[in-house]
Structure formats: structure tokens, C-alpha cells
Q: 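Quick one: the structure is below, questions incoming.
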Amino acid sequence: MSFKKTFNTLFRHYGPQDWWPGDSPFEIMVGAVLTQNTAWTNVEKAIVNLLENEALDAEVIVATKMEQLALWLKPSGYFNIKAKRLKNFCQWYLEQGAYEQLSTWPTRELRQALLSVNGVGPETADDMLLYAFDRPVFVIDAYTRRLFSRLGLIEGSETYEALRQSIESGLRRESQRLVLFNEYHALIVRHAKEYCKTTPRCEACCLNKKCKAFRC
DNA sequence: ACCCAGGGTCATA
DNA sequence: TATGACCATGGG
């Protein structure tokens, strides 16, 4: 079993996922903040609220009062904290010259800069790098950690950065790493949504050969 | 009535 | 560096 074989199994089973669900890089970045520890169905409702109020825009968000923004974000949970994080992020985003400027930065520096924004942690930053900026970084979320540790590919308690290095180097020989990383994270989330609804009680939910139909 | 979700920050030891 | 509290809605 390897990271690559696991990917092949998932891809064979589910096919291309066409991620991230969002129509623009900015929408993807907003979604990345809003989905922190939150079900995507709730995030969608918040994004619809922003769209209906013509507020899916960095300048509008910065100009919007905290109470108003929190009201729109309400369905996504943690709405007070997310209102702060979103305004904070948008402020920084505009200061740096928005997407046009940021997209010219080298990946390493862009990542460091994203991480320096309050409210943007490692996974949120990597979501943005991979799905909004098309950079080949491997995103690690709770599902990824759970799946790989059940498969015995990782120990499970590694730091985010250690895991990322280990997984990315495990796939170093792959051409098309951007496409691979894009699909891989999406496939893991798809698999989790489809078969892991009862986790963490479902101990056998994995890609083991014994687990033929991807069942728990 | 619980459990959990595509995390991150901050205070403490 | 490593835990723990906290944030909060909506679906199962």
C-alpha cells in the first residue's frame, strides 16, 4: 500500500471530482475560511447570502459592518469569529494587490504570507494555494489524517508540516502533481462524505483490500 | 438529546 | 510542544 496506490483506488472508484466547488478564485478562498470545522452544506448557505447581497467581493466585505457580515455568515457557524477572519483576510488580500499580484508570488512565499494572516491556518492556506492559485501542495485535513493512519501509511500524530513533507515526497516522482493533489484531496472528502458518516466509530472504513466495496 | 462537521487561536504548563 | 477551551449552525 502506498499513497499512489490509494489514490488510484479512489480515482478508479469515484472518477474525477472537478474541484473546488466555486466559480472564482476569490469565492474559493472565502469558502476555505468558512468551511473551517464546518459542513459544506452550511457554507453554501452563507455564500448564497453573500451573493444575494452582492457581497462576495473583497472591497464590499471590508466595507461591511461586522454585525451585518456575521448575519450573512450565520448558517456557516462560528459566525462572529468568521466575520472577523473574513474581513481580516480581505483587508490583507486588497493590501497585497488582490489576485493579480498574489498570483505572481512564488509558492513558498505565498504560503508564508497566507499563514501570517490571522484566521488562516495550514489547511486553509493549502486549500487556497491548491484550488485558488493552482499550486501543487497536498492538503491535509482530518479525513486525510484518519484515512492514512487507518491504512497504516502514517502514524497519525505527526505535525501538519511533517505529514505534508512526507506525503509530497512520497508522490515526488509523479508528473502532473497539480492534478494529482487536486483530485486526491477531493477524492478523500468525497469518500468520507459517502462512506464515513458514522466515523469515528467506524473503525474499518478505509481502502483496505478486504474492504472491497469501500464500505464500513 | 447527542454527535459531528473539509480548523484556528489563544491561554496555560 | 502539547493539551484544552472556545467558537456555533444544521443534519444525522
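All values reported here derive from a predicted model rather than from experimental measurement. In what follows, every chain begins at residue 1, and chains take the letters A, B, ... in the order their sequences are listed.
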Q: When we call it a touch if two heavy atoms are under 4.0 Å apart, what does A/Lys82 touch: a base, just sugar-phosphate, or nothing?
A: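 Touches nothing.
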
Q: Taking atom CD of A/Gln96 and atom OG1 of A/Thr104, what is their separation to the nearest 0.5 Å?
A: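 Atom-to-atom, A/Gln96:CD and A/Thr104:OG1 are 10.5 Å apart.
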
Q: What does the 5'-to-3' dot-bracket notation of DNA chain B look like when only Watson-Crick and G-U wobble pairs under 3.5 Å count, and pairs to other strands show as |?
A: .||||.|||||||

Q: Check this one for me: any side-chain N or O of A/Arg146 less than 4.0 Å away from OP1 or OP2 of B/dA5?
A: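 Yes, because at least one side-chain N or O of A/Arg146 sits under 4.0 Å from OP1 or OP2 of B/dA5.
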
Q: With side chains defined as the heavy atoms from C-beta onward, is the minimum distance between A/Leu10 and A/Phe7 less than 4.5 Å?
A: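 Contact flag for A/Leu10/A/Phe7 side chains = no.
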
Q: Between A/Glu168 (side chain) and A/Val137 (backbone), is there a donor-acceptor pair under 3.5 Å?
A: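 The answer is no, because no donor-acceptor pair under 3.5 Å joins these two groups.
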
Q: In Å and rounded to the nearest 0.5 Å, what is the OG to CG distance from A/Ser76 to A/Asn37?
A: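 Between A/Ser76 OG and A/Asn37 CG, I get 11.5 Å after rounding to 0.5 Å.
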
Q: Looking only at atom P, what distance separates B/dC10 and C/dA8, rounded to whole Å?
A: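 Taking atom P in both B/dC10 and C/dA8, they lie 15 Å apart.
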
Q: Any ring-ring contact (aromatic ring centres under 6.0 Å, His included) pairs touching residues 80-128 of chain A, not counting sequence neighbours?
A: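 Listed by first then second residue: A/Phe26-A/Tyr93, A/Phe89-A/Trp92, A/Phe89-A/Tyr93, A/Tyr99-A/Phe133.
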
Q: Could you verify whether a donor N or O on one side chain and an acceptor N or O on the other, from A/Lys82 and A/Thr38, lie under 3.5 Å apart?
A: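 Present: a donor and an acceptor within the cut-off.
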
Q: Are A/Arg164 and A/Glu161 within salt-bridge range, i.e. N to O under 4.0 Å?
A: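 Answer for the salt bridge query: yes.
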
Q: Output the rounded distance in Å from CH2 (A/Trp40) to C1' (C/dG11).
A: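 After rounding, the gap between these two atoms is 17 Å.
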
Q: How close or far is atom C1' of B/dA5 from atom CG of A/Leu34, stated in whole angstroms?
A: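 These atoms are roughly 14 Å apart.
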
Q: Please list all pairs passing the side-chain hydrogen bond (donor to acceptor under 3.5 Å, both in side chains) test where one or both residues lie in residues 124-137 of chain A, with sequence neighbours left out.
A: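 side-chain hydrogen bond (donor to acceptor under 3.5 Å, both in side chains) check on residues 124-137 of chain A returns A/Gln36-A/Thr124, A/Thr107-A/Arg135, A/Arg111-A/Asp126, A/Asp126-A/Tyr160.
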
Q: Tell me, which of residues 68-77 of chain A have any heavy atom that sits under 4.0 Å from an atom in DNA chain C?
A: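 Only A/Lys74, A/Pro75, A/Gly77 qualify.
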
Q: Can you confirm whether A/Tyr184 sits close enough to A/Thr6 that some side-chain heavy atom of one is under 4.5 Å from a side-chain heavy atom of the other?
A: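 With C-beta onward as the side chain, the pair touches.
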
Q: For the atom pair CD (A/Glu158) and CG (A/Leu163), what is the distance rounded to the nearest 0.5 Å?
A: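 Going from the CD atom of A/Glu158 to the CG atom of A/Leu163 covers 4.5 Å.
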
Q: Show me the protein contacts with nucleotides 7-11 of chain B, counting only N or O atoms at under 3.5 Å.
A:
residue: B/dG7; atom: OP2; partner: A/Asn37; partner atom: N; Å: 3.2
residue: B/dG7; atom: O5'; partner: A/Asn37; partner atom: N; Å: 3.2
residue: B/dG7; atom: O4'; partner: A/Asn37; partner atom: N; Å: 3.3
residue: B/dG7; atom: O6; partner: A/Asn37; partner atom: ND2; Å: 3.4
residue: B/dG8; atom: OP1; partner: A/Gly121; partner atom: N; Å: 3.0
residue: B/dG8; atom: OP1; partner: A/Gly121; partner atom: O; Å: 3.0
residue: B/dG8; atom: OP1; partner: A/Pro122; partner atom: N; Å: 3.3
residue: B/dG8; atom: OP1; partner: A/Glu123; partner atom: N; Å: 3.2
residue: B/dG8; atom: OP1; partner: A/Thr124; partner atom: N; Å: 3.0
residue: B/dG8; atom: OP1; partner: A/Thr124; partner atom: OG1; Å: 2.9
residue: B/dG8; atom: O4'; partner: A/Arg85; partner atom: NH1; Å: 3.4
residue: B/dT9; atom: OP1; partner: A/Gly119; partner atom: N; Å: 2.9
residue: B/dC10; atom: OP1; partner: A/Asn118; partner atom: ND2; Å: 3.1

Q: Which residue pairs pass the ring-ring contact (aromatic ring centres under 6.0 Å, His included) test when at least one of the two sits in residues 31-67 of chain A, sequence neighbours left out?
A: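 Output for this query lists A/Trp20-A/Trp40.
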
